[in-house]
Amino acid sequence: MSTHEDHTPHKVVVIGGGYAGALAANHLRMRADVDITLVNPRPEFVERIRLHQFVAGTGEATVDYGTLLGEDIQLVVDSATRIDTAARTVRLASGRALDYDYVIYAVGSTAAIPSSVPGTAEFAFDIAEFESAQRLRARLAELPPDAPVTVVGGGLTGIETAAELAERGRRVALACGRILAPSLSAPGRRSVATWLSRHGVAVLEAAVVSEVRPEGVVFADGAVRASALTIWTAGFGVPELAAASGLRTDALGRLFTDETLTSVDDDRIVAAGDAAAPSGRPLRMSSQAAQPLGAQAANTVLSRIAGTEPAVIDQAFTGSCVSLGRRAGIRQLARKDDTTVNLYIAGRMAAVIKEATCKLGVSRIRREARKPGSSFWPKGGPRPEQPASAPRGVASP
């Protein structure tokens, strides 16, 4: 005869409803005896890779969770403030507490606003999250069309933001801090630089911003440039939830895990996406990495429920896509270890590929809701030969 315990569902709380968390929640539905709760601070899914479009007014960046999640997933609109590993509860900002058997830690990333640069916190806008993008869009709408705008950061986010605004007729300067598009190949960088130049973007490749003022930016060499709006895209941080919960993190604050994405401190906590640091060697922060990590984190939880040994992560990169306004872009090709090759696609075809890639991120989540376990991704990327071996707590049966 079956015992009562045989019918008790396994409670899994997924913290974070981005690309990793939403896919992980749907993937967990491969087992019918899993009670899945997704905690997210917003009632809608945010397509972060479209936030530059949202700011410029060329596209929207939210999707109704009702179209993304399996019907048996409970969405809790709230923010996690602490994971109480002793009590096995997730404490929420509302005062509520959620019991769990396992947690998937998919809190994503945030803007990195440096305290070392005076005026940044007070006067610069970031584009890393939906709320900050809303503030930026509102501020942009207040400015005359010819008001000077400075984008700080020569990475892919900075390039896409500068390009989107320039195509809309804005006067844009891009302060790179070092080289333009360091993650692209040299030919790819030249192609981006050419497009930006043709569209009037002043690319200040070596310019390092040392201060942000209400109406300008100051560079390390003392030069001052007028800027009615300064947008900070130089780097990302992560939420402090793991550290606040007493869990070990890397220097940036990502949860330190082994190669199965399991916390080195507690094997009932499994990480995915931008906030995971497997073996202290995190994958590049990107939706390209986040969704496979979400599926693999869910697989680790399902293995632990089944009493089997979880698999180590196995995924590879294929390059990156960069939009240059609505009609052009760059599709940079790369090896499985994410190192670029001198091969890229540019122009209209790259814009088509970029748009298809953005749509694919959402369609993968929907497909996983319809058919749990359907996710697939490129594999074979290199990982450390010796996974992290720091001691971790062992969950009780």
Side-chain angles (χ1 to χ4, degrees), residues 16 18 40-42 46 48-52 54-56 61 79-82 93 107-144 147-162 164-165 170-178 182 202 204-245 249-254 273-275 282 285:
N40 195 67
R42 307 172 190 89
V46 175
R48 291 183 66 186
I49 55 178
R50 291 194 188 274
L51 285 178
H52 61 289
F54 174 76
V55 165
S79 296
T81 58
R82 183 169 177 265
V107 296
S109 55
T110 61
I113 302 297
S115 58
S116 59
V117 180
T120 308
E122 296 87 352
F123 306 122
F125 291 76
D126 74 80
I127 197 171
E129 298 181 79
F130 185 63
E131 291 77 12
S132 55
Q134 285 180 307
R135 292 190 292 270
L136 175 53
R137 176 169 165 160
R139 175 60 181 146
L140 194 65
E142 297 171 352
L143 297 178
V149 176
T150 302
V151 178
V152 181
L156 304 189
T157 302
I159 290 167
E160 290 191 325
T161 303
E164 205 76 26
L165 295 177
R170 292 285 179 177
R171 289 175 52 202
V172 182
L174 179 61
C176 300
R178 48 184 183 129
L204 313 174
E205 195 157 14
V208 175
V209 174
S210 61
E211 183 183 353
V212 178
R213 297 175 179 173
E215 297 179 354
V217 293
V218 182
F219 298 108
D221 62 2
V224 179
R225 185 181 184 94
S227 180
L229 173 63
T230 300
I231 305 171
W232 198 274
T233 70
F236 290 93
V238 296
E240 299 178 351
L241 177 61
S245 303
T249 67
D250 69 1
L252 192 65
R254 290 170 285 216
D274 290 354
M285 289 183 174

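The CZ atom of Arg137 sits 8.0 Å away from atom CZ of Phe130, with the distance rounded to the nearest 0.5 Å. Within the model, atoms CD of Glu211 and CZ of Phe123 stand 8.5 Å from one another, a figure rounded to the nearest 0.5 Å. Within the model, atoms CD1 of Ile231 and OG1 of Thr157 stand 11.5 Å from one another, a figure rounded to the nearest 0.5 Å.
Surrounding CD of Glu240 are at most 12 heavy atoms belonging to other residues, nucleotides or ligands under 6.0 Å away. Shown here is Gln134, whose CD atom has more than 12 heavy atoms of other residues, nucleotides or ligands within 6.0 Å.
Considering only heavy atoms from C-beta on, Asp274 stays 4.5 Å or farther from Phe236 through its side chain. Annotation: side chain of Met285 is in contact with side chain of Leu252 (closest heavy-atom distance under 4.5 Å). Using a 4.5 Å heavy-atom cutoff, the side chains of Arg170 and Leu229 are not in contact. Contact of the Glu142 side chain with the Arg139 side chain is registered, since non-hydrogen atoms from C-beta on lie closer than 4.5 Å. Between Leu51 and Val46, some side-chain heavy-atom pair lies under the 4.5 Å cut-off. Taking the side chain as every heavy atom from C-beta outward, Leu204 and Phe219 approach each other to under 4.5 Å. Using a 4.5 Å heavy-atom cutoff, the side chains of Asp126 and Thr110 are not in contact. In this structure, the side chains of Val107 and Val238 stay at 4.5 Å or more apart for every pair of heavy atoms.
For Arg48 (side chain) and Glu129 (main-chain N/O), no donor-acceptor pair under 3.5 Å exists by modelled atom type. A donor-acceptor distance shorter than 3.5 angstrom exists from the side chain of Thr233 to the backbone of Val152, with no hydrogens or angles considered. In this structure, Ser79 contributes its side chain and Pro41 its backbone to no donor-acceptor pair below 3.5 Å.
Using modelled atom types, one finds a donor on one side chain and an acceptor on the other under 3.5 Å when comparing Ser227 with Thr150.
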> What's the verdict on side-chain contact (heavy atoms from CB on, under 4.5 Å) for Val55 and Phe125, showing C-alpha distance, side-chain angles and the deciding distance?
Replying inline: CA-CA 11 Å; Val55 165; Phe125 291 76; over 6 Å; no
